[in-house]
Colleague: 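The following block contains the structure, expressed as structure tokens.
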Amino acid sequence: NCAARAEKYFGIGRDYKNFILLGLREGLGIAIVVDGKIFTRMVGASSELGHVTVDINGPECVCKKRGCLGNYMDFSSSDATWKTLEILCTVLSGICDLLLPQAVIVREEQSCLGNEHLEWMEETLNQKIQARDYQHIKVLRSYRSKELEASGCAANVLGRVFSGEIEI
């Protein structure tokens, strides 16, 4: 959520009212911005896209469910990366059908995706969504800097203060 707020206020997300931030780290996270506001679950935590089941007969995950998307994320080789992106775009297309974001912003801990990967993701995602004749979803790389991360954390706390969620 801090990363999404940083993107919204200080990064590439400034240009979009509705976007999905996809976090590729040790896991696979997702943050959703709707009408300029961070969507949070009832517990206030960001969502773990990596624990969405994509294969009910798949391998058991550390979360004890079977076939979690995170188990299929593999960026170890060129072939594995393209297969991973194909699976990821299929799952993202369903999410985009529900939310119709203006953009999907990809935030990587380690740079494993080149511009050709993001361009392919954008083309593939837009072919898969039902609203393809009405809306084009951009796939963009997140701006990444330590200052942006710190600003996002501060903005997250301030946003919760101003909304009345935290009293000072």
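Here the structure is a predicted model, which means the values were calculated and not measured.
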Colleague: What's the separation between atom CD1 in Ile32 and atom CD1 in Ile95, rounded to the nearest 0.5 Å?
Modeller: 6.5 Å
Colleague: Is Phe75 close to Leu113 at the side-chain level, that is, under 4.5 Å between some pair of heavy atoms?
Modeller: yes
Colleague: Determine, for Glu108 against Arg141, whether the closest basic-nitrogen to carboxylate-oxygen distance falls under 4.0 angstrom.
Modeller: yes
Colleague: Treating Ile, Leu, Val, Met, Phe, Trp and Tyr as nodes and any side-chain heavy-atom pair under 4.5 angstrom as an edge, say whether Leu100 and Val33 lie in one connected cluster.
Modeller: no
Colleague: Anything under 30° is parallel, anything over 60° is perpendicular, the rest tilted; go ahead and classify Trp82 against His117.
Modeller: tilted
Colleague: If you round to the nearest 0.5 Å, how far is CD1 of Ile129 from OG1 of Thr124?
Modeller: 12.0 Å
Colleague: Taking the side chain from Gln102 and the backbone from Ile137, do they hold a donor-acceptor pair closer than 3.5 Å?
Modeller: no
Colleague: Report yes or no: does Gln130 contribute a side-chain atom to a donor-acceptor pair with the main-chain N or O of Gly94 at less than 3.5 Å?
Modeller: no
Colleague: Are side-chain heavy atoms of Leu24 and Val106 found at a separation under 4.5 Å?
Modeller: yes
Colleague: Would a 4.5 Å heavy-atom cut-off, applied to side chains only, mark Ile105 and Leu22 as touching?
Modeller: no
Colleague: Donor-acceptor pair, distance only, cut-off 3.5 Å: does the side chain of Asp74 make one with the backbone of Ser76?
Modeller: yes
Colleague: Using 0.5 Å steps for rounding, measure from the CH2 atom of Trp120 to the CG atom of Asn115.
Modeller: 15.5 Å
Colleague: What is the distance from atom CD of Gln135 to atom CG of Asp97, rounded to the nearest 0.5 Å?
Modeller: 10.5 Å
Colleague: Between the side chain of Asn18 and the main-chain N/O of Asp35, is any donor-acceptor distance below 3.5 Å?
Modeller: yes
Colleague: Closest heavy-atom contact between Lys8 and Lys17?
Modeller: NZ-CA, 4.1 Å
Colleague: Of all heavy-atom pairs between Cys89 and Leu125, which one has the smallest distance, and what is that distance?
Modeller: O-CD1, 3.9 Å
Colleague: Test side-chain hydrogen bond (donor to acceptor under 3.5 Å, both in side chains) on Glu7 and Ser142; report intermediate values, then the result.
Modeller: CA-CA 7 Å; Glu7 285 298 335; Ser142 169; 2.3 Å; yes
Colleague: For residues 49-67, tabulate all N or O donor-acceptor pairs below 3.5 Å that involve a side-chain atom, not counting sequence neighbours.
Modeller:
residue, atom, partner, partner atom, Å
Asp55, OD1, Asn57, N, 3.0
Asp55, OD1, Gly58, N, 3.4
Asp55, OD2, Tyr72, OH, 3.4
Lys65, NZ, His51, O, 2.5
Arg66, NH1, Gly58, O, 2.8

Colleague: Which atom pair, heavy atoms only, marks the closest approach of Tyr16 to Lys138?
Modeller: OH-CG, 4.0 Å
Colleague: To check you understand the geometry: which heavy-atom pair defines the closest contact between Leu140 and Leu118, and what is its length?
Modeller: C-CD1, 4.3 Å
Colleague: Which pair of non-hydrogen atoms, one from Arg132 and one from Asn126, has the smallest distance, and what is that distance?
Modeller: CB-O, 3.0 Å
Colleague: Short question: side chain of Ser93, backbone of Thr90 - any donor-acceptor pair under 3.5 Å?
Modeller: yes
Colleague: At what distance, to the nearest 0.5 angstrom, does CD of Glu116 lie from CE of Met121?
Modeller: 12.5 Å
